[in-house]
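Since the structure comes first, as structure tokens, the remarks are kept for the end.
So you know, we letter chains A, B, ... as the sequences are listed, proteins then strands, and number each from 1.
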2 protein chains.
Amino acid sequence: MAVERVERGEAGGDRDAEAVSRFVEAFAAQLVEAGMQRMPARVFAALLSSDEGAMTSAELGEQLRISPAAVSGAVRYLAQQHMVAREREPGSRRERYRVHSNQWYEAMTNRESMLKRWEDALREGVTSLGSRTPAGRRMAETLAFFEFVDGELVAMMERWRVHRAEVFGNR
Amino acid sequence: MAVERVERGEAGGDRDAEAVSRFVEAFAAQLVEAGMQRMPARVFAALLSSDEGAMTSAELGEQLRISPAAVSGAVRYLAQQHMVAREREPGSRRERYRVHSNQWYEAMTNRESMLKRWEDALREGVTSLGSRTPAGRRMAETLAFFEFVDGELVAMMERWRVHRAEVFGNR
DNA sequence: CGCTTCTTTCAGAAATTTGTGAAGTTAAGG
DNA sequence: CCTTAACTTCACAAATTTCTGAAAGAAGCG
């Protein structure tokens, strides 16, 4: 006889729910440690480890044992950060939240706008403190570092696209 | 007639305290937005915009209007993140906290340990969910991305060292 | 040694953040 | 249109974080 499969409500879920949950909480914990809020981290981890790579609000709420409100907040945050995509199932008011396998690429590209804001603040500082003061010079060098990193990141992401296509094929 | 300079208490500070403060709060705000705690962010910004590139605990407390306790906490955090160096003035129990102009290089290098932990969590997930499940494959690809980035960062930092030496000279 | 100066630790007050239930909004389907 | 399913917003309670004053802990200096 076959191993009993754990059925959840209706839709498909027949994987080792225990293992999934362990991964979700472990990975989310790492993200939290890196500064992400708890709920977005858990939701993201759950999506990442789902077979579809996408879940509905209800599924997320059920699996993570959180309220619809919490799902809503987490998902809004993740969408803003470009870490999930929202999809509307045609002919339904149910929404699905999806991670693409190169979602981190997206997110990291997005990080650049943050770098830009740092650069702006630094430029402002260099100007107002004077580029010939010691402090001004230090800030100018810091600024140069960010500008350098900025440029490098773009090139690096391009290399990743190539590398990825080689290893995983174009999907 | 010359613009009146704002004198602060005793030690040396005769720069435009107003401008410094504006920069400190603006830059700190950006750091906070990126996830850093408020006090560490303010302390770091203050150090970055100081002429010496270093300040004592008392100076930080005075400029930022915070208690010695707050300085202590912020500085401990920054030191852990390798974002400031602690110095002991010889023959004194006064400590100075310093940012080096390539401090971000340090900090970013440090970020790699975080990447490593993410990679560990993902490897664990791939193993426990099975590398041939859809979820497993997605996580494996995510893992590959991090490993790629990891390697690239090392190379990038090396290029920065060279670039920096060219533009700013070895200091 | 003991005084003095600086830093750290600690307990608690204050502020902020987080997650919930409940009401509100939007849009599909009869 | 009206109903109903799904998501969002809001007000509040609970938990957590943050900062402070006060006390304790080091370390130079006489």
Quiz prompt | Phosphate OP1/OP2 of dA6(D): any Arg94(A) side-chain N/O under 4.0 Å | solution = yes
Practice problem: Please state how far atom CD1 in Ile66(B) lies from atom C1' in dG21(D), giving the value in whole angstrom units. | Solution: 14 Å
Quiz item: In whole angstroms, how far is the C1' atom of dT17(D) from the OH atom of Tyr77(B)?
Solution: 14 Å
Practice problem: Identify whether any heavy atom of Gly73(A) sits under 4.0 Å from a base atom; if not, whether one sits that close to sugar-phosphate; answer base, sugar-phosphate or nothing. | Solution: nothing
Quiz prompt | Between Trp118(B) and Phe145(B), ring centroids under 6.0 Å | solution = no
Quiz item: Can a salt bridge be assigned to the pair Arg88(A) and Glu95(A) using a cut-off of 4.0 Å between side-chain N and carboxylate O?
Solution: yes
Practice problem: Treat each ILVMFWY residue as a node, draw an edge where side-chain heavy atoms are under 4.5 Å apart, and state whether Phe146(B) and Leu153(B) are in one component. | Solution: yes
Exercise. Ignoring backbone atoms, establish whether Arg76(A) has a side-chain N or O less than 4.0 Å from OP1 or OP2 of dC7(D).
Key: no
Quiz item: For Ala69(A) and Arg93(A), take the nucleotide of DNA chain C holding the closest heavy atom to each; which residue's nucleotide lies nearer the 5' end?
Solution: Ala69(A)
Quiz item: Which whole-number value in Å describes the distance from Arg88(A) CZ to dA28(C) P?
Solution: 7 Å
Quiz item: CZ of Arg42(B) versus P of dT20(D): gap in Å, rounded?
Solution: 9 Å
Quiz item: In whole angstrom, what separates Glu95(B)'s CD from dG28(D)'s P?
Solution: 11 Å
Quiz item: Do Arg86(B) side-chain and dT7(C) base share a donor-acceptor contact under 3.5 Å?
Solution: no
Practice problem: Test Asp120(B) against every option in Arg123(B), Lys116(B), Arg117(B) by the salt bridge (Lys or Arg N to Asp or Glu O under 4.0 Å) rule and name the one that passes. | Solution: Arg123(B)
Exercise. Determine: side-chain N/O of Ser57(B) to OP1/OP2 of dT7(C), distance under 4.0 Å, yes or no.
Key: yes
Quiz item: Between dA28(C) atom C1' and Glu89(A) atom CD, what is the distance in whole Å?
Solution: 13 Å
Quiz item: In whole angstrom, what separates Arg38(B)'s CZ from dT16(C)'s C1'?
Solution: 10 Å
Quiz item: Expressed in angstrom and rounded to an integer, what is the separation of Leu60(B) atom CG from dC19(D) atom C1'?
Solution: 16 Å
Quiz item: Does Ser49(B) use its side chain to pair, donor to acceptor, with the backbone of Ala45(B) at less than 3.5 Å?
Solution: yes
